[in-house]
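Down below is the structure, laid out as structure tokens.
Please read all numbers here as calculations on a predicted model, not as lab measurements.
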Amino acid sequence: MLSQPQRLSPPAHSQLPQLSRARLFTLTPLALCLAQAASAQQANTPAADPATAAPQLQEVRIKASTEKDMGFAPVEAQTASKAPMRRLETPQSVSVVTREQMESRQITNVQQALQTVAGVSPVNFGRRGFDDLNIRGFRSTESILVDGLVQSPGMWAKLQPYGYERFEVLKGTASVLYGQVQPGGIVNAVSKRPKKEALSEVGVEVGSFGQRTLQADINRPLSESGKTALRINAQVSNADDPTQFVYRKDRWFAPSLSIDLGAQTDLVLFATYSQSEWMRQQGITPYGTLLPNRNGTLSRTLFTGDPSFGVYDVESTTVGYALEHRLSDAMTFRQNVRYETEKGTGNFVSNQALQANQRLQNRQASRQYMDYDLLAADTSLLSRFEALGVKHQLVTGLDVRSGTSLLASRTCRIGALDLFAPVYGMQATCPEALTSDAPSKLTVAGLYAQDQIKFGQGWTALVGLRRDWSTNDTDNRVAQTQTRQKDSATTLSAGLVYEFKPGWAAYGSYGESFLPQSGLTFAGSNFVPETGKQWEAGVKYESPNGQITGALAVFDLVRENVTTADPVNTGFSVQTGEQRARGLEVELGADLKNGWKLTSAYTYTQTKVTRDNNAAIVGLPLNLTPRHTLTAWATYKLPQYQRVTLGLGGRYVSEQIGSYPFTLPSYFVADASISYVGENYRITAGVKNVFDKAYYDGAINANVVSPSLPRNFSLGVTYFF
């Protein structure tokens with residue numbers, strides 16, 4: 001019998017102080033005044049002829065893509081410039097995963113969605129419940145944006161892909177437009193928003209390991225013009241896991257409402273609510289899996305935690321609006337505002353070093369209490385003008401954020417687990433006092449400008465500049481110390497594209513990133529921000545009919561001021577680390593008229609620790625960065641049976657070598673699907689890991705490797721009405 005979970009009360013002071021939001025709220029009246037002005041202008045303006053009004057409305061919706069969420073070869077993205085821009089004219093590598101691609105592959109999380117993107121490493125930290133990503137060799141988990149706004153970096157984030165039209169991946173440094181982000185790149189999730197046309201779909205999906213999902217997407221225009229519309233997305237999902245005791249439950253709801261404020265104005269109000277509960281899959285020791293164990297081989301589905309200790313239980317909400325108002329034919333005011341909160345508890349048991357007998361697994365138990373909120377606003381002006389024969393698309397803006405965060409924890413003692421005769425239900429001993437308790441308040445402001453300049457025959461330049469200020473106040477209640485850390489930085493980016501023949505372009509670019517680091521040195525001084533510098537060059541292709549897109553990029557990315565262990569003062573850190581990533585990326589997308597659609601990518605990445613206090617790892621590759629990855633996914637609509645589409649693809653990942661005492665071997669995995677489209681329904685059946693390959697696609701540390709999912713099936717039915 002399993003013992004009941006130990007219940008300890010959260011810290012009595014877990015209620016955070018109220019935010020001082022005056023700086024952000026000063027922006028809101030401006031937005032409301034503009035909306036009111038637009039409404040009044042519309043009321044006093046004679047009715048326009050419908051024939052001339054339609055194109056005008058299309059111009060106003062500058063965030064709408066002409067191709068939207070369809071196809072395998074999108075030619076446009078907005079993340080690199082905060083405005084729609086041809087990928088061919090973008091002097092940086094940007095990839096797009098459309099909704100059609102996601103549906104054809106039956107993806108259920110962000111990692112799966114990005115498996116076909118060059119430069120994104122297939123990293124896995126034991127299905128711990130978060131969206132873990134590496135881009136161009138560096139961790140990018142905290143650089144997942146939603147609709148161009150940064151999320152709180154401490155949130156236990158896991159997006160529901162069903163709620164998004166597409167994912168755009170901007171690789172390399174991106175601080176000029178997005179401020180404090182990691183150097184490898186960012187992922188921008190573009191949400192489903194109200195449309196002018198009615199749509200209704202309800203879907204059910206079942207699959208291996210107890211997967212059960214019910215989801216719905218309903219859009220209803222509420223006015224004759226269709227500009228006032230309501231869209232509701234919802235999903236309920238339960239799933240078990242090959243690992244014993246592991247499961248996950250998600251409840252997610254996202255309404256959005258567009259309001260007709262006249263031909264010159266677009267306003268969308270939105271909200272999301274999610275509640276998740278899951279048992280964390282923490283991985284397994286490398287001894288008895290990847291490395292020999294004198295006691296025998298371990299099952300890859302062995303659970304090394306303890307189900308009686310508890311689970312993760314997290315609730316989050318967001319509310320906000322997106323406003324666009326056209327001041328003139330050449331100038332558009334935009335403001336995106338989002339307020340988000342997340343509260344929850346997390347209980348998990350982690351593996352420590354294996355005992356010398358290679359049988360008893362030392363462990364540590366942790367209880368975490370999390371309470372975050374964040375108010376973010378991005379206010380910008382998009383201007384299009386021509387001067388001295390040169391065309392400009394200029395974006396200038398103010399990006400501000402303010403939020404409080406609490407992540408308190410208790411570190412508990414729990415007995416070692418006999419890996420070859422596990423007994424669960426061990427009692428954990430937790431202290432009354434918190435092990436860590438340091439609520440903080442972060443305030444960030446950034447002024448930025450980026451100009452897309454078109455000149456000559458086929459030349460496009462993209463030049464950007466940003467100034468950032470941040471203040472982080474921390475109240476360490478355990479050490480009884482209060483600290484204030486203030487950072488500022490100027491970052492820049494510049495790139496040049498030359499379309500040397502129709503559909504073919506060569507480019508080069510340089511960019512910088514900036515990311516403040518919390519903490520103090522032994523001498524008591526604050527850490528300076530971590531920085532990144534990237535050089536990139538490449539060639540891009542877009543066929544005249546837009547059916548084929550391709551890109552080749554080479555890059556050199558350096559990450560500086562990396563925090564490493566202090567060699568003199570144990571328990572402290574110094575900033576003497578430097579890491580480098582160099583590589584080549586190739587991508588191809590195709591939407592062919594003969595029924596074939598294809599997306600594929602090849603990545604060559606060479607990473608290296610170039611400077612560190614630990615001389616043993618200098619010159620070694622970074623962990624979890626394969627030298628080679630090759631992926632492809634294709635669908636084919638049968639000519640004899642136009643309602644049937646076949647899907648087939650796979651990915652190869654070379655071995656991953658770093659400073660761990662083991663190497664993750666290379667692997668190849670194949671996936672397949674078949675779908676049938678009826679008059680008002682679609683049926684899709686798929687299988688991932690067709691050949692049931694046993695492999696390891698990640699490692700948390702030297703004590704834990706992460707087994708991948710075995711072969712698994714899914715069957716989905718979507719009804720349209």
Side-chain angles (χ1 to χ4, degrees), residues 1-3 111 122-129 132 207-211 238-248 278-312 347-365 414-426 428 624 653 655-656 660-670 687-714:
M1 294 288 292
L2 299 178
S3 64
Q111 290 96 326
V123 64
N124 173 15
F125 293 134
R127 298 193 292 282
R128 64 181 187 139
D132 291 307
S208 302
F209 314 119
Q211 179 195 359
N238 291 352
D240 296 324
D241 193 273
T243 302
Q244 189 180 15
F245 305 118
V246 174
Y247 70 92
R248 185 177 181 98
W278 72 95
M279 178 72 74
R280 180 164 166 166
Q281 202 269 24
Q282 189 69 19
I284 193 170
T285 175
Y287 297 95
T289 52
L290 283 177
L291 301 175
N293 186 311
R294 69 173 67 101
N295 302 289
T297 301
L298 291 171
S299 168
R300 298 174 70 252
T301 62
L302 175 67
F303 183 59
T304 57
D306 200 299
S308 67
F309 188 69
V311 299
Y312 276 74
N347 301 288
F348 70 99
V349 176
S350 57
N351 290 351
Q352 305 297 298
L354 190 65
Q355 293 188 14
N357 59 21
Q358 294 190 323
R359 185 180 187 98
L360 295 178
Q361 176 70 67
N362 290 330
R363 301 180 298 171
Q364 177 179 285
I414 192 170
L417 182 72
D418 187 335
L419 298 175
F420 294 89
V423 176
Y424 300 104
M426 292 187 188
L624 306 178
V653 178
E655 65 179 2
Q656 302 179 53
Y660 292 152
F662 51 82
T663 295
L664 298 181
S666 63
Y667 59 88
F668 172 77
V669 180
V687 55
K688 293 181 173 63
N689 195 357
V690 173
F691 303 110
D692 201 20
K693 173 70 174 179
Y695 63 99
Y696 299 86
D697 53 1
I700 297 175
N701 52 45
N703 302 314
V704 186
V705 295
S706 305
S708 65
L709 285 172
R711 179 169 52 220
N712 56 96
F713 304 88
S714 60

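In this structure, Q361 contributes its side chain and Q352 its backbone to a donor-acceptor pair below 3.5 Å. Here the side chain of W278 pairs no donor or acceptor atom with the backbone of V246 at under 3.5 angstrom. Formation of a donor-acceptor pair under 3.5 Å by the D240 side chain with backbone atoms of G210 is not found in this model. Side-chain atoms of N347 come within 3.5 Å of backbone atoms of V311 as a donor-acceptor pair (strictly under, hydrogens ignored).
Using bins of under 30°, 30° to 60° and over 60° for the plane-to-plane angle, the ring pair F245/Y424 lands in the perpendicular bin.
For the pair R300 and Y696, the distance from NZ or CZ to the six-membered ring centre is under 6.0 Å and the angle to the ring normal is within 45 degrees.
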Q: Quick one: do N362 and Q355 satisfy side-chain hydrogen bond (donor to acceptor under 3.5 Å, both in side chains)? Show the steps, please.
A: CA-CA 7 Å; N362 290 330; Q355 293 188 14; 2.8 Å; yes

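Scanning all heavy atoms of the two residues, the minimum distance from L354 to L360 falls at CD1-O, 3.4 Å.
Using a 4.5 Å heavy-atom cutoff, the side chains of L298 and I284 are in contact. Using a 4.5 Å heavy-atom cutoff, the side chains of T301 and Q244 are not in contact. Looking at P422 and L302, their side chains come closer than 4.5 Å, going by heavy atoms from C-beta outward. Using a 4.5 Å heavy-atom threshold, the side chains of R363 and D306 count as touching. T304 has its side chain out of reach of T285: every pair of non-hydrogen atoms, C-beta onward, lies at least 4.5 Å apart. Inter-residue side-chain proximity for F209 and P710 is flagged as met; some heavy-atom pair is nearer than 4.5 Å.
Here the straight-line distance linking atom OG1 of T243 with atom CG of L709 works out to 8.5 Å at 0.5 Å rounding.
With a 6.0 Å radius and a threshold of 12 heavy atoms from other residues, nucleotides or ligands, Y660 has its OH atom above the threshold.
With sequence neighbours excluded, no residue forms a salt bridge (Lys or Arg N to Asp or Glu O under 4.0 Å) with R280.
Contacts classified as side chain to side chain donor-acceptor pair (under 3.5 Å) and involving residues 702-714 (residues at least two apart or in different chains) are given here: Q106-S714.
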